[in-house]
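In what follows, every heavy atom counts, from backbone to side chain, and hydrogens, waters and symmetry copies are set aside.
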Amino acid sequence: NLTIIGLVSVLVVGSLLLWGGDGGSGEEGTTSPLSVHIEMEADTIASGEALEGRVVVLNNTGRAIEVVGCGSLFQIALESDGVTQQVNWNDCLETFVVPSGQSSYPVTVYAHHLGCVRGPASGAIVSCDDDGGMPSLPPRNYEAVALERSGVLPHAPPVHVAVSDR
């Protein structure tokens with residue numbers, strides 16, 4: 001069983017174009033027809049390790065939504081002050097259909113950097129380990145951020161994850 005860490009409805013910007021509605025008033029008490037949240041097995045992970053989870057989409061628009069991606073619909077990045085992850089997307093064109101109702105998509109949360117360069121660090125991209133592997137994230141508190149390539153779905157609220165020493 002997965003524990004729900006966070007769930008917040010997000011109003012869909014541009015719903016006028018997507019669903020022919022007015023997008024709602026944005027006032028407190030309004031409910032979005034489309035929300036996304038992250039569920040994970042735990043809220044603590046050892047540095048360098050992986051944690052399984054899923055991204056859940058609640059689609060109450062009354063119809064399926066087509067989203068373009070490649071390989072997977074979502075990726076999760078752990079971010080904090082001083083650590084901004086840059087995810088890499090496969091370069092293909094695949095259509096995912098998000099059905100009406102609730103659906104979920106498996107994700108893996110990695111407590112290491114998601115990219116590196118051989119040699120000196122370049123901007124936000126860190127240097128690879130001596131063996132060419134991804135360096136582990138330092139122990140501290142992070143936010144798990146769900147990323148979706150096409151930008152069609154609303155952003156999931158970030159979820160707190162603590163990265164601990166091994």
Side-chain angles (χ1 to χ4, degrees), residues 1-15 23-24 26-32 34-58 67-91 96 98 103-166:
N1 285 338
L2 296 174
T3 302
I4 296 179
I5 304 297
L7 170 60
V8 176
S9 292
V10 180
L11 291 176
V12 178
V13 176
S15 63
E27 296 175 11
E28 191 172 325
T30 61
T31 303
S32 172
L34 189 60
S35 65
V36 179
H37 70 273
I38 302 167
E39 297 178 354
M40 294 187 302
E41 293 176 335
D43 61 1
T44 302
I45 181 173
S47 182
E49 300 297 321
L51 178 67
E52 299 302 316
R54 64 184 177 173
V55 175
V56 178
V57 178
L58 185 57
V67 181
V68 175
C70 182
S72 64
L73 187 53
F74 294 97
Q75 289 191 51
I76 301 289
L78 293 181
E79 298 185 343
S80 72
D81 290 339
V83 177
T84 302
Q85 298 273 34
Q86 183 173 357
V87 300
N88 297 304
W89 295 98
N90 293 329
D91 196 17
F96 291 88
V98 177
S103 56
S104 65
Y105 304 87
V107 292
T108 303
V109 180
Y110 296 100
H112 61 64
H113 289 274
L114 300 177
C116 64
V117 294
R118 293 192 184 268
S122 176
I125 303 176
V126 298
S127 295
C128 297
D129 286 341
D130 291 339
D131 65 0
M134 303 293 177
S136 297
L137 290 173
R140 67 169 81 151
N141 292 323
Y142 291 85
E143 289 192 332
V145 179
L147 304 166
E148 181 258 318
R149 186 175 188 176
S150 73
V152 170
L153 299 173
H155 294 283
V159 171
H160 169 80
V161 176
V163 173
S164 63
D165 285 325
R166 290 183 183 201

Show the nearest heavy-atom pair for residues [X] and [Y], with the distance to one decimal.
{"X": "S164", "Y": "T44", "result": "OG-CG2, 4.1 Å"}
{"X": "H113", "Y": "S136", "result": "CD2-O, 4.0 Å"}
{"X": "A42", "Y": "L51", "result": "O-CD2, 3.4 Å"}
{"X": "R118", "Y": "C128", "result": "N-SG, 3.9 Å"}
{"X": "S32", "Y": "L34", "result": "OG-O, 2.8 Å"}
{"X": "A162", "Y": "N141", "result": "CB-OD1, 3.6 Å"}

Please round to the nearest 0.5 Å and tell me the distance separating atom [atom1] of [X] and atom [atom2] of [Y].
{"X": "E39", "Y": "E52", "atom1": "CD", "atom2": "CD", "value": "14.0 Å"}
{"X": "L114", "Y": "H112", "atom1": "CG", "atom2": "NE2", "value": "6.5 Å"}
{"X": "Y105", "Y": "R54", "atom1": "OH", "atom2": "CZ", "value": "12.0 Å"}
{"X": "L137", "Y": "E49", "atom1": "CG", "atom2": "CD", "value": "12.0 Å"}

### Task
Go through the steps to decide whether I45 and M40 satisfy the test side-chain contact (heavy atoms from CB on, under 4.5 Å), and finish with yes or no.
CA-CA 11 Å; I45 181 173; M40 294 187 302; over 6 Å; no
Tell me, do [X] and [Y] make a side-chain contact under 4.5 Å, heavy atoms counted?
{"X": "L73", "Y": "V98", "answer": "yes"}
{"X": "F74", "Y": "V57", "answer": "yes"}
{"X": "V67", "Y": "R149", "answer": "no"}

Spell out, as yes or no, whether a donor-acceptor pair under 3.5 Å connects the side chain of [X] to the backbone of [Y].
{"X": "E148", "Y": "L153", "result": "yes"}
{"X": "S47", "Y": "D165", "result": "no"}
{"X": "D131", "Y": "G133", "result": "yes"}
{"X": "S127", "Y": "G119", "result": "yes"}

### Task
I would like to know whether L78 and E143 meet side-chain contact (heavy atoms from CB on, under 4.5 Å); could you show each step before the answer?
CA-CA 5 Å; L78 293 181; E143 289 192 332; over 6 Å; no
### Message
Which residue in the set V161, I38, T108, L147 passes side-chain contact (heavy atoms from CB on, under 4.5 Å) when paired with I76?
### Response
I38
